[in-house]
Colleague: 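The structure that follows is given in the form of structure tokens.
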Number of protein chains: 2
Amino acid sequence: MAETSTLNITQNLTHTLGLAILRGDFVDALPSEAEICERFGVSRSSTREAVKMLSAKGLIRSRPKQGIRIQPERNWNMFDPDVLKWTLVSKPTLNLLREFFEMRLVTDPQAAALAAQHALPENIVELRKSIDRMRDAESGLDDSLDADIAFVTALFEATHNRFFIQLIEFTSTALRVTSRYSNRMQGVSFSNLATCIAVFDAIVQKQADTAFELVQNMLTQMMETVLADT
Amino acid sequence: MAETSTLNITQNLTHTLGLAILRGDFVDALPSEAEICERFGVSRSSTREAVKMLSAKGLIRSRPKQGIRIQPERNWNMFDPDVLKWTLVSKPTLNLLREFFEMRLVTDPQAAALAAQHALPENIVELRKSIDRMRDAESGLDDSLDADIAFVTALFEATHNRFFIQLIEFTSTALRVTSRYSNRMQGVSFSNLATCIAVFDAIVQKQADTAFELVQNMLTQMMETVLADT
DNA sequence: TTCATGCTATTTATATGACTTTTAAAGTAG
DNA sequence: CTACTTTAAAAGTCATATAAATAGCATGAA
């Protein structure tokens, strides 16, 4: 978690409206600025700032006379951690999980392969640390989810590709939210310690193909478990 | 293009500041709100709204007393079309192109495979239309870049996976910007008409593996051409 | 010294009101 | 029926006042 602070008014309104949009509470437009102010008891400044934030994430668009209209889903920035979180919280369907896995099944094996090619000593250090944490987690000395996320983080950082690195937030947000909301997802990430060690070894030895296949197999198996009774 | 309107003050400031951040004009913090107002001759409302937009994209974070600080690059939402555009415009390096291709080399073949599995009749119609446009483009009756983007769009829509669909904006933004700023990228997308037709056929016949390989080969070849003299 | 506690000044956060610009839709002239 | 004009609704912009958060300093006790 670590989200220390009490959210301020603007942040609060942003989350409330964002979640409401994702939940489908509004058909194709939001109430006018004035009405939002009244309904939520906040000033126009805060309302406008919240609207700007949601615009920046592609959810809405506001224009004079037309009001605040919801954008077609294509424009929603699904890789934005907030948007992803609102999506997962509001519609945690099996279908969404399937789509999420379809994406990871592409990105994660390739991340492992790129890591094997581009990893620097400091990346190896981080990977080793995360493996240690996973080992600790097995004996209850560390949190399993946090350890998994640390491994994914170290793995993706080792690719030295900014687009893959961006996916760290994507993946960890999804893991955190789903693990909190769905029993089905408990412990579903890189929980297999033995395989992770094998991936680590492959990366150290710069065996990209091996790393690729190990991760691919691990995810395929995981996906089958999670989506078993579709 | 089609971006009809003159940008308003807030949008303008957002782009100016966003680009400046990506260009590295600010070390680790932006000037204070008050100073931004003065320097750009805009009101505080507009300044704050622009700041909120950039915060929503993960570029900055503003807190009382601390001011407006630039976030670590990990938090930047690279899949946001604006952020991607600013990145490409400000640092169109060969390395960035490499990273972009590494990503497409993973997503596009898998998109083709998923399209073969999940495409509905309407998706086939759109794919066919885009192929027609590419054919037109060859004889100068249509714009080659637009036709390519139409193909990518139809392809990714056919996956029926919202994360892949999100990548449409990512890919088309990158194609549009790079083709405008770099001669090296001229005509670099799906320009090979014959292969695209083959991909289309594979999708129609639900041959996921074939579609996957065709796209992968096409992109690999394209990548080698573009990154030839690294 | 060293650590905690309270003060202060700076910067963003919030609220309010006035005015401007954009634009969909109604109205009007031809 | 078309093309132009008017109107009014809603967001866009500006200015100002006040509140809240907080980094850094100062003060004082152990």
Colleague: For D143(B), give me all partners under side-chain hydrogen bond (donor to acceptor under 3.5 Å, both in side chains), at least two apart in sequence or on another chain.
Modeller: none

Colleague: What is the distance from CG of L7(B) to P of dT21(C), rounded to the nearest Å?
Modeller: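 My rounded result for the distance is 17 Å.
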
Colleague: List for me each residue that meets ring pair (Phe, Tyr, Trp, His ring centres under 6.0 Å) alongside F79(B), sequence neighbours excluded, and say none if there are none.
Modeller: F79(A), F170(B)

Colleague: Does L96(A) reach the side chain of R162(B), with side-chain heavy atoms less than 4.5 Å apart?
Modeller: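 Sidechains of R162(B) and L96(A): in contact.
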
Colleague: Once you round it to whole Å, what is the distance between C1' of dT12(C) and CD1 of I36(B)?
Modeller: 12 Å

Colleague: What do the steps show when you test K129(B) against E126(B) for salt bridge (Lys or Arg N to Asp or Glu O under 4.0 Å), and what is the final call?
Modeller: CA-CA 5 Å; K129(B) 274 191 205 162; E126(B) 286 302 316; 3.2 Å; yes

Colleague: Determine, for nucleotides 4-11 of chain C in 5'-to-3' order, which nucleotides have protein heavy atoms under 4.0 Å from the base (write B), from only the sugar-phosphate (write S), or from neither (write -).
Modeller: -----BBB

Colleague: Indicate whether OP1 or OP2 belonging to dG12(D) is found under 4.0 Å from a side-chain N or O atom of K52(A).
Modeller: yes

Colleague: Between F100(A) and F163(B), how do the two ring planes meet: parallel, tilted or perpendicular, split at 30° and 60°?
Modeller: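 Rings of F100(A) and F163(B): perpendicular, as their planes differ by over 60°.
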
Colleague: Using atom CG of L30(A) as one end and atom P of dA10(D) as the other, report the distance to the nearest whole Å.
Modeller: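 Result: 14 Å.
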
Colleague: Separation of E38(A) atom CD from dA10(D) atom P, in whole Å?
Modeller: 13 Å

Colleague: Can you sort out which residues in residues 43-50 of chain B have a heavy atom within less than 4.0 Å of DNA chain D? Ascending by number, please.
Modeller: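 Those residues whose heavy atoms fall under 4.0 Å from DNA chain D, taken from residues 43-50 of chain B in numerical order, are S43(B), R44(B), S45(B), S46(B).
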
Colleague: Determine whether more than 12 heavy atoms belonging to other residues, nucleotides or ligands lie under 6.0 Å from atom CZ of R128(A).
Modeller: no

Colleague: Measure the distance from CD1 on I9(A) to C1' on dT16(C) and round it to the nearest whole Å.
Modeller: 14 Å

Colleague: Rounded to whole Å, please give me the gap between CZ in R69(A) and P in dA10(D).
Modeller: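 Distance, rounded to whole Å: 13 Å.
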
Colleague: Between S172(B) and I149(B), which heavy-atom pair has the shortest distance, and what is it?
Modeller: CB-CG2, 3.6 Å

Colleague: Roughly, in whole Å, what's the span from CG in N8(B) to P in dC14(D)?
Modeller: 10 Å

Colleague: Mapping A34(A) and V42(B) onto DNA chain D by nearest heavy atom, which one lands closer to the 5' end?
Modeller: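 In this pair, the answer is A34(A).
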
Colleague: Of all residues at least two apart in sequence or in a different chain, which pass the side chain to side chain contact (heavy atoms under 4.5 Å, CB included) check with H118(B)?
Modeller: R98(A), E102(A), L114(B), H160(B)

Colleague: Can you measure I60(B) atom CD1 to dT12(C) atom P for me and round it to whole angstrom units?
Modeller: 10 Å

Colleague: What side-chain donor-acceptor pairs closer than 3.5 Å can you find for residues 13-22 of chain A, not counting sequence neighbours?
Modeller:
| unit_1 | atom_1 | unit_2 | atom_2 | d |
| --- | --- | --- | --- | --- |
| T14(A) | OG1 | T10(A) | O | 2.7 |
| H15(A) | ND1 | W86(A) | NE1 | 3.3 |
| T16(A) | OG1 | N12(A) | O | 2.8 |

